[in-house]
Colleague: 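Before anything else, here's the structure in question.
Note that the coordinates shown come from a computational prediction; the quantities given were computed from them, not determined experimentally.
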Amino acid sequence: EVELVESGGGLVRPGESRRLSCTASGFVFSDYAMAWVRETPGKEPELISSISKTSKITYYEDSVKGRFTISRDNAKNTLNLQLNGLTTDDMGMYYCAKAESPGFLPTSYTPQDFSHRGQGTQVTVSS
């Protein structure tokens, strides 16, 4: 059974940093691209960042380029997202998501492109 467990969210002040992590199990982690998806009330889900199975290719949504860094450790089955320079626009529930097909790197949020996602970790930015 595929399981994705996120951690690292919390309350931060504007300008601060946070590191999100996702521990994966139940599938061959190194065979699949992974992504972080953000949900905010009243908005469509957004694909914030994705990373290919070998980490060779990464994708970032325009608003987070230069501030967020996605990484993965295939030996430890973990996915990370370093969030720097946080603003209130970055608030939301962050989900770790597994690509539907081996070798496919999602660069936008289309539900059918993902087979599983975790329960999410909330990031709140407030002074």
Colleague: Hey, is CD on Gln119 packed in by over 12 heavy atoms from elsewhere, all under 6.0 Å?
Modeller: no

Colleague: Report whether Ile51 and Val37 are members of the same hydrophobic cluster (ILVMFWY, side-chain heavy atoms less than 4.5 Å apart, transitive linking).
Modeller: no

Colleague: Gln82 pairs by side-chain contact (heavy atoms from CB on, under 4.5 Å) with which of Ser17, Ser21, Ser71?
Modeller: Ser17

Colleague: Do Tyr95 and Trp36 touch side chain to side chain, with heavy atoms closer than 4.5 Å?
Modeller: no

Colleague: Can you classify the ring geometry of Phe68 versus Tyr94 as parallel (below 30°), tilted (30 to 60°) or perpendicular (above 60°)?
Modeller: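 It falls in the tilted class, 30° to 60°.
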
Colleague: Could you give the distance from CE (Met34) to CG (Leu79), rounded to the nearest 0.5 Å?
Modeller: 5.5 Å

Colleague: Assess whether atom CD of Glu1 is packed by more than 12 heavy atoms of other residues, nucleotides or ligands within 6.0 Å.
Modeller: no

Colleague: Indicate whether any N or O donor in one side chain lies under 3.5 Å from an N or O acceptor in the other, for Glu61 and Ser63.
Modeller: yes

Colleague: Taking the side chain as every heavy atom from C-beta outward, state whether Val125 and Pro14 have any pair of such atoms under 4.5 Å apart.
Modeller: yes

Colleague: Does some side-chain heavy atom of Thr40 sit less than 4.5 Å from a side-chain heavy atom of Met91?
Modeller: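 Of all side-chain heavy-atom pairs linking Thr40 with Met91, none is under 4.5 Å.
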
Colleague: Using the rule that Ile, Leu, Val, Met, Phe, Trp and Tyr join whenever any side-chain heavy atoms are under 4.5 Å apart, tell me whether Phe104 and Ile57 fall into a single cluster.
Modeller: no

Colleague: Cation over ring, Arg72 on Phe29, under 6.0 Å and within 45°?
Modeller: yes

Colleague: Can you tell me which residue pairs pass the disulfide bond (SG atoms under 2.5 Å apart) test with a partner in residues 35-105, sequence neighbours excluded?
Modeller: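 Those involving residues 35-105 are Cys22-Cys96.
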
Colleague: Closer than 4.0 angstrom, basic N to acidic O: yes or no for Lys98 and Glu3?
Modeller: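 Salt bridge absent between Lys98 and Glu3.
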
Colleague: Stepwise, does the salt bridge (Lys or Arg N to Asp or Glu O under 4.0 Å) test hold for Arg117 with Glu39?
Modeller: CA-CA 12 Å; Arg117 70 179 195 182; Glu39 285 198 11; 2.8 Å; yes

Colleague: Tell me whether Val64 is reachable from Val123 by hopping between hydrophobic residues (I, L, V, M, F, W, Y) whose side-chain heavy atoms are closer than 4.5 Å.
Modeller: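 Yes, Val123 connects to Val64 through the hydrophobic network.
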
